[in-house]
Amino acid sequence: MRAAGDYAVDLHLHSTFSDGLETPLELCARADGLGLTHIALCDHDTTDGLSELAIGAEAVRAARLQRGDGTPFTAFPCVELSSGWGGRTHILGYGLDADDPALRQCLREAEEDRGQRAEKMLGLLKAQGVGIPEELNSVLANPRVGRAHIARALVKTGAVSTVQQAFDRYLAEGRSAYVPRKWMSANRAVQILRDAGALIVLAHPCRLGLDDAALSALVDELSAAGLRGLEVFHPSAGRRDVRALELLARRKGLLVTGGSDYHGDRNTRVRMGRLPSGWRTMRRDVDAMLAAMRRG
Ligand code: AMP
Ligand code: MN
Ligand code: MN
Ligand code: MN
């Protein structure tokens with residue numbers, strides 16, 4: 001249970017505007033039910049869900065007020081950009097200005113690239129006789145089509161039994177239907193978000209698969225471009241990883257953040273609000289983030 005004054009946060013969520021399964025309104029309602037105090041919508045390469053997020057957040061505040069529930073609720077606008085080698089370096093931009101022209105241009109290009117890439121991936125699946133072509137083609141109607149959509153279509157056609165299996169067999173890097181995205185350098189992603197007034201955080205650093213020295217070097221390089229925080233509390237980080245990442249963040253003077261990367265898929269262990277344990281400074285860290293965004 002949340003004690004009065006405590007925070008309960010999840011600063012990394014996806015909605016139907018990218019590859020999540022719930023709308024921003026549904027995410028807000030779920031966050032309300034869980035008693036969360038702060039959430040962030042971090043859709044891949046799009047800010048289109050952010051106006052609905054603001055409406056959802058307002059609805060949660062109104063509902064809490066009506067219930068006599070004093071739990072505060074804040075929903076941060078954010079976006080998650082794929083960058084760096086293989087598009088593996090994911091950069092989060094909290095509190096961004098969604099109308100920034102350079103950001104808009106970058107998101108337009110990403111959308112175009114997503115469509116072209118999905119067509120290539122579907123071509124590879126069809127050539128391998130995997131899935132039902134008509135079912136698979138339906139994913140192309142989505143302007144923000146990603147591998148998660150293809151994975152779910154493969155589950156639906158019975159080609160695989162889980163999304164994870166679709167990635168492991170066909171869609172993960174190096175698998176038979178994988179096609180890389182066009183990617184910008186991580187420095188460029190940081191610059192674009194910085195120029196759009198965002199507070200910039202390196203998402204799920206453990207996913208990069210770097211050793212300590214290489215991660216430290218990347219963090220230094222990105223910090224010079226404007227990186228301000230590390231997503232320490234993410235399900236990809238085990239106990240030891242969390243400790244190491246937190247230490248790294250403190251040593252480099254970076255903010256510590258956390259989020260579940262919730263997409264709404266049922267048969268995974270990811271749940272909204274479920275973060276690795278041990279975030280004892282959550283309130284202080286989130287307040288520092290809020291202060292940095294206000295200054296930003
Ligand atoms: P995309 O942006 O199309 O390259 O897809 C990346 C998204 O696919 C990630 O944000 C996850 O939602 C999902 N994803 C990537 N790798 C895996 C994996 N190995 N298992 C399950 N989902 C994955
Ligand atoms: Mn995703
Ligand atoms: Mn990511
Ligand atoms: Mn994500």
Side-chain angles (χ1 to χ4, degrees), residues 9-24 27 31 39-50 53 75-94 96 107 110-111 113-114 117-118 121 139 142-155 162-164 166-168 171-173 178 180-181 183-184 186 189-190 193 198 200-210 215 218 222 227 229-237 241 245 257-276:
V9 315
D10 190 333
L11 302 180
H12 191 153
L13 305 175
H14 290 272
S15 79
T16 45
F17 282 85
S18 66
D19 58 358
L21 288 168
E22 295 170 13
T23 65
L27 292 173
I39 63 168
L41 182 61
C42 309
D43 275 321
H44 301 284
D45 305 322
T46 183
T47 57
D48 289 358
L50 297 178
L53 178 77
F76 299 129
C78 188
V79 70
E80 181 172 27
L81 298 183
S82 309
S83 69
W85 183 251
R88 242 179 282 159
T89 313
H90 291 190
I91 309 287
L92 299 164
Y94 290 93
L96 76 181
L107 300 182
E111 194 167 292
D113 179 48
R114 280 188 173 279
R117 177 215 201 190
M121 294 184 81
V139 302
N142 184 334
R144 251 87 57 169
V145 57
R147 285 182 289 161
H149 302 101
I150 300 176
R152 292 184 195 125
L154 286 172
V155 173
T162 63
V163 162
Q164 192 55 55
F167 274 92
D168 293 346
L171 305 175
E173 222 175 310
Y178 176 75
R181 289 259 319 271
W183 58 78
M184 59 190 145
V190 170
L193 290 171
I200 297 144
V201 171
L202 178 62
H204 41 65
C206 282
R207 286 263 176 82
L208 290 166
L210 299 174
L215 180 60
L218 175 69
L222 298 182
L227 182 78
L230 293 185
E231 188 178 51
V232 172
F233 292 89
H234 181 276
S236 61
D241 302 320
L245 286 173
T257 78
S260 68
D261 221 342
Y262 179 74
H263 283 69
D265 290 292
R266 284 292 109 208
N267 51 11
T268 73
R269 288 168 51 195
V270 175
R271 293 288 176 270
M272 186 188 290
R274 188 188 287 175
L275 307 184

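In each ligand, atom 1 is the first atom listed, and ligand 1 is the first ligand listed.
Between H44 and H90, the ring planes lie perpendicular to each other; the angle is over 60°, past the 30° to 60° tilted range.
Side-chain contact between R181 and S82 is present, with at least one heavy-atom pair separated by less than 4.5 Å. In this structure, the side chains of L208 and L215 come closer than 4.5 Å at one or more pairs of heavy atoms.
At least one N/O/S atom of H263, from backbone or side chain, sits under 2.8 Å from the Mn ion (ligand 2). Not one N/O/S atom of D261, from backbone or side chain, sits under 2.8 Å from the Mn ion (ligand 3). Backbone or side-chain N, O or S atoms of H90 do not reach the Mn ion (ligand 4) at under 2.8 Å. The Mn ion (ligand 4) does not have H44 among its coordinating residues (no N/O/S atom, backbone or side chain, under 2.8 Å).
Considering the Mn ion (ligand 3) as centre, the angle to NE2 of H204 and to OE2 of E80 is 100° (10° rounding).
To the nearest 0.5 angstrom, F76 atom CZ is 11.5 Å from L13 atom CG.
The closest approach of D19 to the Mn ion (ligand 2), by N/O/S atoms, is made by OD2.
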From CA spacing to verdict: side chain to side chain contact (heavy atoms under 4.5 Å, CB included), L53, I39:
CA-CA 10 Å; L53 178 77; I39 63 168; 4.1 Å; yes
